[in-house]
Amino acid sequence: MTNNEYVIFEVDSCKFALPSDAVDRVERAVMLTPVPDAPAPVLGVVNRGGEVIPVLGLRGRIGGEERDIILSDRLVFSTANGRPMALLADRIGDVVGIDSDVARDADEIWPGISLLKSFAGLGADVVLVQDMSELLDPDQERSLLAAIAAMSEEEDVAVDE
C-alpha cells in the first residue's frame, strides 16, 4: 500500500477516512465497558488481549447523538498520541487512494477546525480525513487516564473482596 491510501468508514451520513497505515485493524463491534467520568467522546472501553482500549464516537462531533451499538457496527483500531484507540463506525467502506490534488487541508476550508486533517472529494462524496491526534484535547486525555485508572482500582478492590 502507498501512503495515499485511506480506509473509508461511515458514521451516520458522513464519510470519514483514516490513512490505511494508521489503521491497525477493523473488527465487529462488541459491548463496551462503560467508564464513569470519561470525557464525552469516549463511549467505553474494550479489552483487546489484556489491553484496555478506549472507544470513541464521532456522532457528537458531527452534531448527532450517540446511540447503542448494533450488530453491523465496526470498531476501527488505530493509535492516537501513542495510545491505542478505536472509533465506532456504522459501516466500513473500501481502501481507496486519495490523490493530493483532490484533498484540501481542513484549515484552508474551515479555519480553526480540529479533528480533521483534510477534506477530499471522492466522486459525489466529500470525505473527512480524520486527525486521530486531535480526537481528545489535553484535558480530555487527562480525564480519560484518570477515569480508566479509577475504574481499574475499583476492579482491583472488587477482586480482593
Side-chain angles (χ1 to χ4, degrees), residues 1-96 98 106 113-118 120 127-161:
M1 286 194 230
T2 62
N3 61 2
N4 72 340
E5 292 185 331
Y6 292 82
V7 175
I8 306 297
F9 61 97
E10 295 179 40
V11 176
D12 283 339
S13 60
C14 289
K15 289 191 177 187
F16 291 91
L18 280 176
S20 61
D21 58 1
V23 174
D24 182 33
R25 64 189 316 161
V26 175
E27 294 180 1
R28 187 178 297 262
V30 295
M31 292 296 290
L32 305 179
T33 301
V35 181
D37 301 322
V42 178
L43 303 174
V45 294
V46 294
N47 183 331
R48 187 169 157 220
E51 188 173 23
V52 176
I53 300 176
V55 176
L56 281 66
L58 296 173
R59 278 188 177 73
R61 302 291 176 112
I62 58 173
E65 290 186 24
E66 298 297 341
R67 61 163 171 72
D68 291 335
I69 291 176
I70 58 176
L71 285 174
S72 60
D73 288 341
R74 297 291 186 262
L75 296 176
V76 181
F77 289 90
S78 185
T79 303
N81 301 322
R83 164 205 306 280
M85 290 212 186
L87 298 174
L88 182 64
D90 297 351
R91 287 167 293 286
I92 302 296
D94 293 327
V95 175
V96 299
I98 299 177
I113 191 169
S114 60
L115 311 172
L116 301 175
K117 281 187 176 177
S118 62
V127 175
L128 312 174
V129 179
Q130 187 67 52
D131 186 347
M132 289 295 289
S133 67
E134 296 290 327
L135 285 172
L136 296 175
D137 66 34
D139 288 339
Q140 291 174 317
E141 185 77 31
R142 283 188 289 277
S143 293
L144 174 59
L145 289 173
I148 290 175
M151 185 178 79
S152 296
E153 287 174 15
E154 287 178 19
E155 287 177 0
D156 289 345
V157 169
V159 169
D160 291 341
E161 292 177 345

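Note that the numbering runs from 1 along the sequence shown for the chain.
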Please report the shortest heavy-atom distance between [X] and [Y], naming the atom on each side.
| X | Y | value |
| --- | --- | --- |
| Glu134 | Arg61 | O-NH1, 4.4 Å |
| Phe16 | Val127 | C-CG1, 3.8 Å |
| Ile53 | Pro84 | CG2-O, 3.7 Å |
| Glu66 | Arg59 | OE2-N, 3.1 Å |

Practice task
Answer yes or no: does atom CG of Asp139 have more than 12 heavy-atom neighbours from other residues, nucleotides or ligands under 6.0 Å?
Solution key: yes
About how many Å separate [atom2] of [Y] and [atom1] of [X], when rounded to the nearest 0.5 Å?
| X | Y | atom1 | atom2 | value |
| --- | --- | --- | --- | --- |
| Ile92 | Glu27 | CD1 | CD | 11.0 Å |
| Leu75 | Leu88 | CG | CG | 6.0 Å |
| Asp90 | Ser13 | CG | OG | 9.5 Å |
| Asp137 | Arg142 | CG | CZ | 8.0 Å |
| Glu141 | Leu135 | CD | CG | 10.0 Å |
| Leu18 | Leu128 | CG | CG | 11.0 Å |

With a 4.5 Å cut-off on side-chain heavy atoms, are [Y] and [X] touching?
| X | Y | value |
| --- | --- | --- |
| Leu145 | Arg83 | yes |
| Phe9 | Leu58 | yes |
| Leu56 | Leu87 | yes |

Below 3.5 Å, can you tabulate the donor-acceptor pairs from side chains in residues 32-50 to any protein atom, sequence neighbours excluded?
{"unit_1": "Asn47", "atom_1": "OD1", "unit_2": "Gly50", "atom_2": "N", "d": "2.7"}
{"unit_1": "Arg48", "atom_1": "NH1", "unit_2": "Asp24", "atom_2": "OD2", "d": "3.0"}
{"unit_1": "Arg48", "atom_1": "NH2", "unit_2": "Asp24", "atom_2": "OD2", "d": "2.9"}

Quick check: does any side chain N or O of [X] sit under 3.5 Å from a backbone N or O of [Y], one acting as donor and the other as acceptor?
| X | Y | value |
| --- | --- | --- |
| Arg74 | Ser72 | yes |
| Asp12 | Cys14 | no |
| Glu10 | Gly93 | no |

Problem - Charged N-O contact under 4.0 Å between Arg67 and Asp73 - result: yes
